[in-house]
Undergrad: 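Below you'll find the structure I mean.
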Amino acid sequence: MWNLAIREDPARMLRKDAGLHSTRIVSASCDLSDLFSSVHGSQLVWAAFLEGGKTARTALADFVARRLGERTTAASECGMYIIRWALWSATMSTMKKAGERGRQANASSVVPFILERTDIRCTSKNELHIGLRLFLHAKDEAMEIDKNGEDLELHLRNATGNYLSQLFATQEFTKEMMNHVATAVLQDRLREQLKVKKAVAFVANGAILPRKSGASHAPMASPPAVPFDAPPDSKMNGTLEVSLVRLRPFLCAEIPESSLTSDDDASTIRLSGLLVPEGISLIVGGGYHGKSTLLRTIACGVYNKIPGDGREFSVTVTDAVTVRAEDGRYVNNCNISAFISNLPTLPGASEAVDTTRFSTNEASGSTSQAANVVEAIEMGCSALLVDEDVSAANFMARDGRMRSLVMDESITPLLYRVNGLYASHGISSIVVVGGVGDWLDVPDAVILMDKYTCRDATEKARSVSRQFSHGHVQYGGRGVVHRLSWEKTGTPIPRRPTFHFLKTIGHDQTGVALIEGGHAFSLYHSHESSLEHHYHDDNDEDRLVDMSKCEQLMGKKSQLYGCGLCLVWLLEESSRHPEIGLKALLEKMDTCIDETDFASVVLGDDTRSASLRRDTLLASIGHAFRPRRFEVGQALTRLRGIELENTPVDDEDEEEKARLVEEERKKKELLDLWNARRKK
């Protein structure tokens, strides 16, 4: 059943650990139909699995990885040898810890998200590929292992085949695996219903939102955690209805009490909860009442979660992007003029800073957040997720008193732009607010968190707005305060890496190295580094990518490494197709991965560069998770030293040009009138 290939481990430095005689890299594959044929009720199981498509294949691979991660202490005697199996991410140190604690501490067991990965994968041809690191010990510590012995090779093949066959043999394994698959498919189908309901996110009744601790993904016990409950008398209290068809009998996840199975169709599931509508939504409340916890639940709703996470029935549109301040980030050729304009001329400079082509090696809080918003728009997001706590105060809002005192302000706050952004581009915003009441002038919906209980405060917020606003005034001749229209000049122009940069980066032989701390990586040339130099701390900031403030990169180091692999692919693809802009490149990458699988795209070809990346991945962290295209785009724009240029666009017709000229004339007249009134 199993096709096995065994080769030397490229991580030669691991053999320096005391007590370790040899390691091998095992690649095993089999046809899923053969694997399912031994299962009780195989035809029903196989038909249900096929119905789930790529989501089912990803979930199966994720489940197998978690089970293998729990079985790393398994051992087998082969003649004079003892064999232990582990995931590719295992090293001798993790094997020792596994012996001490009874299991391996690895990413698969602590990250509750179902992510496509490189070491264990199901292809579009329904082939399962499993990567293992085999640890080989001699019973007699004084005896050296015969690395070339044919008998040993046969022993390793037979033992590994038996080990994998036993893993899949039990009915319990099949039951839990199909529940894992059904839970993932259910989340995808819930997510599809959001567009139908004109909603951005759904939080199911009964969900456990808080985590056990700030360092844990595990749900907090209830009590003290308060299960989520949507306000019963609110328009935001809604129901999603999906059909799982053949997968319904395999769904064993604990469904909240508020979920109903329809009487007329046993395959249909109805879930009730909070539907966050499209448009502008605020999450308000006192400190420590659950505002940010709710936003984090919405942010992680772009990923499928495992059964038992507590949030596995809460979903968000896949193109929602978290934006925040990011002091010190690298920005190149970014049009932030919608938010930042009329910057003062720097000492010694002959011209003012052009914010339509803004570049800096060290952005401030406001300019970095402006760049983050604009780049999210450029990459095609449909919703922005913003938390006041981690945002630049002057970028978020500016009250009337400050407008009166400081009239020559370069920043147009996000508060004034969210309505125009939704009206012009259909981009919704979900904003956590706790300290600035001006935000109550702009929302379509207001969610109040009070002692971890959700309430609808939309009507009360409108009443407060009418009471305190006393009529809105013109803002610099550009429209009504808090509800400025989105000017076309502020819309980001598609960008692409310059030919000069692509030539200097040497992408054809580029590797990825994680930086100590696990929040950044760098790109390096093959002649600059060997396998032993991973996890280095490089003082040279050129080609460094800091992702520490990219909050939706939730797969830890493995997903960070995946960002690096995708970034190298983007640079190579951009070199082959220099006419393609960033958004089109990211969409092409997603299409390629969706049609095949993540590992085949970023590691699959036969070039020297791909071979280097495969070996360095095995030598460092073993496997990588697939990131979203938005995080890959964030990695590219944060690559220090990258040079971006605007992609040429077709000239607008004469009628459109005339309309824009007339708009500018009217704006100038209003601005002149406003300035004249201020002088009186």
Undergrad: If we ignore hydrogens and angles and just use 3.5 Å, is the side chain of Asn237 paired with the main-chain N or O of Pro231 as donor and acceptor?
TA: yes
Undergrad: Using the test side-chain hydrogen bond (donor to acceptor under 3.5 Å, both in side chains), find all partners of Glu172 that sit at least two apart in sequence or belong to another chain.
TA: none
Undergrad: Donor-acceptor pair, distance only, cut-off 3.5 Å: does the side chain of Glu278 make one with the backbone of Gly426?
TA: no
Undergrad: Under 3.5 Å, side chain of Asn304 to main-chain N/O of Ile114, donor-acceptor pair present?
TA: no
Undergrad: Provide the closest heavy-atom pair for Val436 versus Ala397 in the form atom of the first, atom of the second, distance.
TA: CG1-CB, 3.6 Å
Undergrad: Go through the structure and list residues passing ring pair (Phe, Tyr, Trp, His ring centres under 6.0 Å) with Phe521, not counting sequence neighbours.
TA: none
Undergrad: Using only atom types and a distance under 3.5 Å, with no angle test, would you say the side chain of Arg117 pairs donor to acceptor with the backbone of Arg626?
TA: no
Undergrad: Does Ser558 use its side chain to pair, donor to acceptor, with the backbone of Ala624 at less than 3.5 Å?
TA: no
Undergrad: Could you give me the CA-CA distance, side-chain angles and deciding distance for Thr183 and Glu312, then say whether side chain to side chain donor-acceptor pair (under 3.5 Å) is met?
TA: CA-CA 8 Å; Thr183 302; Glu312 63 266 43; over 6 Å; no
Undergrad: Is it true that a side-chain atom of Glu116 and a backbone atom of Phe598 form a donor plus acceptor pair closer than 3.5 Å?
TA: yes
Undergrad: Do we see a donor-acceptor contact under 3.5 Å between the side chains of Ser243 and Ser267?
TA: yes
Undergrad: For residues Gln369 and Val386, report the shortest heavy-atom separation together with the two atoms involved.
TA: NE2-CG1, 3.8 Å
Undergrad: Please work out whether the ring planes of Tyr303 and Phe113 are parallel, tilted or perpendicular, with thresholds of 30° and 60°.
TA: tilted
Undergrad: Around atom NZ of Lys175, are there more than 12 heavy atoms from other residues, nucleotides or ligands closer than 6.0 Å?
TA: no
Undergrad: Would you name the heavy atoms of Leu448 and Ala457 that are closest together and state the gap between them?
TA: CB-CB, 3.8 Å
Undergrad: Looking only at heavy atoms, which two atoms of Val390 and Glu551 are closest? And how far apart?
TA: CG2-OE2, 4.1 Å
Undergrad: Tell me if a side-chain donor or acceptor on Arg455 pairs with a main-chain N or O of Asp450 at a distance below 3.5 Å.
TA: no
Undergrad: Going through the checks in order, is the salt bridge (Lys or Arg N to Asp or Glu O under 4.0 Å) test met by Glu326 and Lys549?
TA: CA-CA 6 Å; Glu326 196 174 344; Lys549 300 298 191 299; over 6 Å; no
Undergrad: So which of Leu553, Val321, Asn372 actually passes side chain to side chain contact (heavy atoms under 4.5 Å, CB included) with Gln634?
TA: Val321
Undergrad: For residues Asn205 and Ser272, is any side-chain donor paired with an opposing acceptor at under 3.5 Å?
TA: no
Undergrad: Any idea which heavy atoms bring Val446 and Asp456 closest together, and the distance?
TA: O-OD1, 3.5 Å
Undergrad: Could you walk me through whether Arg462 and Asp444 pass the salt bridge (Lys or Arg N to Asp or Glu O under 4.0 Å) check?
TA: CA-CA 9 Å; Arg462 288 172 181 167; Asp444 301 298; 5.5 Å; no
Undergrad: Using 30° and 60° as the class limits, which term best fits the ring planes of Phe395 and Phe339: parallel, tilted or perpendicular?
TA: tilted
Undergrad: At their closest point, which heavy atom of Gly365 faces which heavy atom of Ala392, and how far apart are they?
TA: C-CB, 3.6 Å
Undergrad: For Glu631 and Arg638, run salt bridge (Lys or Arg N to Asp or Glu O under 4.0 Å): C-alpha distance rounded to whole Å, both residues' side-chain angles, the deciding distance at 0.1 Å, then the answer.
TA: CA-CA 10 Å; Glu631 281 67 51; Arg638 283 159 178 75; over 6 Å; no
Undergrad: Take Asp309 and Arg211, measure what side chain to side chain contact (heavy atoms under 4.5 Å, CB included) needs, and give me the verdict at the end.
TA: CA-CA 9 Å; Asp309 173 71; Arg211 302 294 91 185; 3.1 Å; yes
Undergrad: Going by the side-chain hydrogen bond (donor to acceptor under 3.5 Å, both in side chains) test, which pairs reach into residues 212-227, not counting sequence neighbours?
TA: none
Undergrad: Please test Leu115 against Met554 for side chain to side chain contact (heavy atoms under 4.5 Å, CB included), starting from the C-alpha separation and ending with a verdict.
TA: CA-CA 10 Å; Leu115 303 170; Met554 297 178 178; over 6 Å; no
Undergrad: In a check of side chain to side chain contact (heavy atoms under 4.5 Å, CB included) between Arg629 and each of Leu582, Ile593, Leu586, which one passes?
TA: Leu586
Undergrad: Go through the steps for Leu190 and Ile269 under the test side chain to side chain contact (heavy atoms under 4.5 Å, CB included), then give the verdict.
TA: CA-CA 10 Å; Leu190 287 171; Ile269 292 176; over 6 Å; no
Undergrad: When Ile447 is tested against each of Leu294, Val432, Leu295, Ile430 for side chain to side chain contact (heavy atoms under 4.5 Å, CB included), which residue passes?
TA: Leu294
